[in-house]
Structure formats: C-alpha cells, structure tokens
Amino acid sequence: MGTVAAALTLVAAVALLGGRAAGWSAYAPPDAAGAVRPWHAVDLPWVPGLDLRFHLGVDGISWPLVVLTALLTLLCCGYSLWRVPGGGSGRALVALLLVVEVGILGTFLALDLVLFFLFFEVVLLPMYAIIVGWGGDGTDPVSLDARRRAGRKFALYTLFGSVLLLVGVYVVVAAAGTADIVTLTGGAELSRATQLAAFTLLALAFAVKSPLWPLHSWLPDAHTQAPTVGSVLLAGVLLKMGTYGLIRVALGVTPEGARWAAPVLGVLAVAAILIGSLVCLAQTELKRLIAYSSVGHMGFVLLGVATLTATGIQAALIGNVAHGIITGLLFFLAGAIKDRIHTGALTELSGLRETAPRLSGLLAFAAVASLGLPGLAGFWGEAFAVVAAVESGGALWTTLAVLAAIGGALTAAYLLRMLRRVTHGEPTPVVAALGPGLARAELVAWVPLVLLALAVGLAPTLVLGVAEAPVDALVGVVAR
C-alpha cells in the first residue's frame, strides 16, 4: 500500500504541470505583488486568531523538486519491497519514508512561513529513526553505537538549524504582521536592520540543512550509517530543502539582506567546492566519498544563488535537480556494492568491471554524470554557476569563478580516481566472488534515474523552461 501511495503521489505531482500556462499568461514586468504566482494553490484559514493560513502552492521553482521528491520516494519504496535492511520491518520503513516525503513536499509547497517551518521539521524524527533503526553494517554493539552516534549528530545539527529558522521566521512575521510568503516576497516594507538580521538567521538555518561548509560535518556519518534508501532520500531531496529555502524564503523575503551578504555567500560557496573536492581526494570509503561530494556540488548551487542573477538562480535550480538524480543513483549503486561485498573500502573493491561489468558500467555512468560531462545532467548547474559569477563582474566574482572552475577540475579528479580504484585492476577476493547479474528490482529503481540524467542533460529546458518566468520575477524584486 505504501508503494501504491507513493505512485499516486508521483502521478499527482506530474499532473500539477497542467494549467501552468494560465498562471503566467498575463506575465508582466515583475513587482512585489506578482513575484510569486503559483499555478495551483490551496489557501484556507488555519489559525484565524494569529492570521495564519494553510497556504500551499506550486510554481516553476518548486515543481521540479516536487516531482523529483515523488519519484525518489517511489523508487525507494519499491526498492524496499525487494530488499529490507536489517533492523525492522519493511512496512515500518516504507511508512517512515512516506512521512519524510510529506515533510519534504510540504516544504516545497508551503506559502506560509509558519507552515513552512512545521513541514521543515516533520522530516527530523522519521529520518533519525531510519538511520538508527535500519542503518549500519550489522546488529553488533559497535555497529549499533556507530549508527546511534550518526543519528544523534544528524538530530542535533538539524535542531540547531531549526532554532535559527524559528527565530528568523518570528523576526519576519513580527515585523511584517503576516506570514504569507506571497505577500512578503520583495521585502514587504521590512526595515534594513530587520532584513539583515532575518537573512542571517535564515541563511544559517538553511546552510545546516543543505549542508554548506563549514556546517556540513553531520553529513558523512549520516550517509555512511543510513540504509541505502535513507541515503538516497537524504542526498536526493532532503538536502534540497535548505537550498530551496535559501531561494524561496531567504532571498525572496529578505532581498536587502541577500544583497548585503552576497559576497560572503560567494566566498563560502567556493570554499565548499574546493574543500569538499580535496576531502574527497583523501577518502578511502565509497559512501563517505559520495557524501562529501555533496558538499562541493551544493557549493556550486550556493555560488549560483549568491550571484543574485537569473542565470545563477537557474543554475542553482537545475543543479539541485541534477544532484538529486545523479547522487540518488550513486547511493543506490554504492548500496548495491556494499550489500554484495559487505564493505565500502576502496582498497577492497578493485576489478569490479571484470566480474560485474553491468554494475561497473552504471557506476561509471553515474560518476561521469556527477563530474559534469557535457550532455549529462550535472553539466548545466556547474557550468552556468561559473558563467553567472563571471557575468557578475568585478575582481571578486571573477576570482571566485576561476576558483570554482578549478574546483570542477578537482571534482573530475576525485571521481575518476574512484573509478580507477573500484573498476580497474585485478579483482580482490571479495570482488572475484561476485556474479555479473543485476536483480530486476535494482534495474527498475535505477533505470529511471539513468534516463533522467540523460534527458535533463540533453534537454535542460525540462527544468529551466518552467522556472524561467518565476526566476525572472524573483530576480526583479531582489535586484531592486
């Protein structure tokens, strides 16, 4: 039943595309009142005494992430029918995955700040339960302690970000007298001091969730200890709650704060790209390497956002989607390798192409997509984040663009190093015992992500086309 519910959710998410032309048919030069114009919306009284409303809506900025969330949840639920990690029942795991989906979808759809905060928090406990209940490498005391530590670190970091988000929401709502994001977008006459304080709080909260350097240290342990489906959802869409919130809430609601902090965000973004890449070059465990790669990829997303240009924000949006597709596939593959060999150590995985050529080929495809090969989904976000930085002009942004490009080269270096260590050479004893076949359930889960990586790479308008008008409207109010 859980998988059926996830499938129906995906159908409904795709169907939201209908009616979008009507939502922007009267598009005009953007103003604060029209910067957020959802295709479909639900706006009902929620807490009348506090003037809070149950306000949900979807537009071109949120729709690709809504579909990505629904797709990855469906694939994870279907995968769990075939392989249930040790630690609990498959039904309980699927139920928790669906609760996580509710929180993520609600975050992408919420157009009320208080509602946004509540959905933002829904994912905390179920994801903690997934890590602690089904994660780790076994049921021995050492493995149990490791996944509990990872779960605690995830929960504590997320709670820290939640406190900052709650204070930031309170500052905005108390000053503006409304929690409606549509009304607030453009600043809503908030004073400069209020916007600077609120942006700082909101940006820090979203940086924890993304996670952006230097608030990323919970990520590798959580990914390493989480079960495969937990890692896929965590990297594929849960991290995007932070970068989406940065665009929708931090930039949209406090644009003066965004303009003030843009150079700092750019510097932090490039630091994340370079440091994430260098740390990946030193990794010796497959899942930790993929986890740390997210730090660098999210750095490119932040760089695009920091430019405050249409090109940069479009790069951030397609970078979000591409990272979700490709890293979701990478974690599926890493989980499959670890399930077969019972280790993720790179020194124990050499020679994979000799004994499991199909698995090795899919890993190579996902790796070259992640490094930004033209024609695959990972190319557009990274390339146009650098282009946006160059277009911003000035010595600072030009320097950041050059350093980000160097980071792109380092990304290619660590992914190619990983492929050389895993797929080439003489097979180790554990790899030599592998069979060449893949389970049908694995192919059902992986093939849609392979096709999407190709489709978005060859036709980026699938993402950029629906986002063009709302991004122009957002930039119009941010740049004023």
Side-chain angles (χ1 to χ4, degrees), residues 3 6 10 68-86 90 93-94 97 100-101 104 127 130-131 134-137 219 222-240 285-294 297 321-344 349 352 356-371 376-378 415 418-419 422-423 434-456:
T3 304
L10 176 60
L68 179 63
T69 301
L71 174 64
L72 288 180
T73 304
L74 174 59
L75 298 181
C76 288
C77 289
Y79 192 82
S80 298
L81 293 176
W82 171 71
R83 180 180 292 278
V84 179
L93 177 58
V94 169
L97 292 175
V100 171
E101 180 183 29
I104 298 173
M127 185 55 71
I130 289 171
I131 294 171
W134 286 268
D137 298 324
L219 180 69
H223 272 312
T224 302
Q225 295 301 322
T228 296
V229 292
S231 293
V232 170
L233 274 190
L234 189 62
V237 284
L238 194 143
L239 304 187
K240 312 306 179 291
E285 205 277 337
L286 183 59
K287 288 187 72 174
R288 289 186 73 87
L289 186 151
I290 299 170
Y292 272 114
S293 74
S294 294
H297 289 305
V321 173
H323 179 265
I325 295 168
I326 297 167
T327 307
L329 177 59
L330 279 170
F331 273 114
F332 266 132
L333 295 169
I337 292 172
K338 197 165 185 178
D339 287 339
R340 287 164 165 80
I341 302 176
H342 307 293
T343 180
L349 301 179
L352 189 67
R358 296 176 184 175
L359 187 58
S360 175
L362 285 168
L363 181 65
F365 173 86
V368 297
S370 185
L371 64 82
L376 297 176
L415 286 167
M418 180 269 288
L419 283 179
V422 173
T423 63
L434 281 178
L438 297 174
R440 182 176 300 177
E442 291 177 320
L443 293 176
V444 169
W446 303 343
V447 167
L449 299 178
V450 172
L451 296 178
L452 270 178
L454 283 168
V456 174

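Please read all numbers here as calculations on a predicted model, not as lab measurements. Start at 1 with the first residue, then count along the sequence. Values below: every heavy atom of this structure, side chains too, minus hydrogens, waters and symmetry copies.
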**Request:** Carefully, step by step, assess Leu415 and Val368 under the rule side chain to side chain contact (heavy atoms under 4.5 Å, CB included).
**Result:** CA-CA 8 Å; Leu415 286 167; Val368 297; over 6 Å; no
**Request:** Go through the steps for Leu451 and Trp446 under the test side chain to side chain contact (heavy atoms under 4.5 Å, CB included), then give the verdict.
**Result:** CA-CA 9 Å; Leu451 296 178; Trp446 303 343; over 6 Å; no
**Prompt:** Leu219 and Leu239: side chain to side chain contact (heavy atoms under 4.5 Å, CB included), yes or no, with the steps?
**Reply:** CA-CA 10 Å; Leu219 180 69; Leu239 304 187; 4.1 Å; yes
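Listed here is the closest heavy atom pair of Val232 and Gly328: CG2-O, 3.5 Å. For the pair Leu233 and Cys76, the tightest heavy-atom approach, listed with the atom from each and the gap, is CG-SG, 4.1 Å. Nearest heavy atoms, Leu75 versus Val444: CD2-O, 3.9 Å. Minimum heavy-atom separation, Ala364 to Leu419: CA-CD2, 3.6 Å. Across all non-hydrogen atoms, the minimal contact from Gly324 to Leu72 is O-CD1, 4.0 Å. For Lys240 against Ala235, the heavy-atom pair with the smallest separation is NZ-O, 2.6 Å.
For the atom pair Leu238 CG and Glu101 CD, the distance stands at 12.5 Å (nearest 0.5 Å). Note: Ser293 OG to Met418 CE = 8.5 Å, rounded to the nearest 0.5 Å. Atom OG1 of Thr228 sits about 5.0 Å away from atom CG of Asp339, to the nearest 0.5 Å. The line from CD1 of Ile326 to OG of Ser294 is 11.0 Å long, rounded to the nearest 0.5 Å. A distance of 4.5 Å separates CD1 in Ile325 from CG in Leu452, rounded to the nearest 0.5 Å. Rounding to the nearest 0.5 angstrom, the gap separating the CD1 atom in Ile131 from the OG1 atom in Thr224 is 10.5 Å.
A donor-acceptor pair is defined here as one N or O able to donate and one able to accept, closer than 3.5 Å; no such pair exists between the side chain of Ser360 and the backbone of Thr423. Judged purely by atom type and a 3.5 angstrom limit, Lys287 has no side-chain atom pairing as donor or acceptor with the backbone of Gly335. The backbone N or O of Ala367 lies less than 3.5 Å from no partner atom in the side chain of Ser370, so there is not a single donor-acceptor pair.
With contacts defined as side-chain heavy-atom distances shorter than 4.5 Å, the pair Leu376/Phe365 qualifies. Side-chain contact between Ile337 and Leu363: present, with at least one pair of heavy atoms (C-beta onward) separated by less than 4.5 Å. Within the 4.5 Å cutoff, the side chain of Leu329 has heavy atoms near those of the Val450 side chain. Within the 4.5 Å cutoff, no side-chain heavy atoms of Cys77 are placed close to those of Leu81. Two residues are said to be in side-chain contact when any heavy atoms from C-beta on lie closer than 4.5 Å; His223 and Ile290 fail this criterion. The shortest distance between side-chain heavy atoms of Ile130 and Val100 falls below 4.5 Å.
Between Glu285 and Lys338, at least one side-chain nitrogen of the basic residue sits less than 4.0 Å from a carboxylate oxygen of the acidic one, meeting the salt-bridge criterion.
Each of Phe331, Trp134, Tyr79 was checked for a side chain to side chain contact (heavy atoms under 4.5 Å, CB included) with Val229, and the lone residue meeting it is Tyr79.
With 3.5 Å as the limit, one finds no donor-acceptor pair spanning the side chains of His297 and Thr327.
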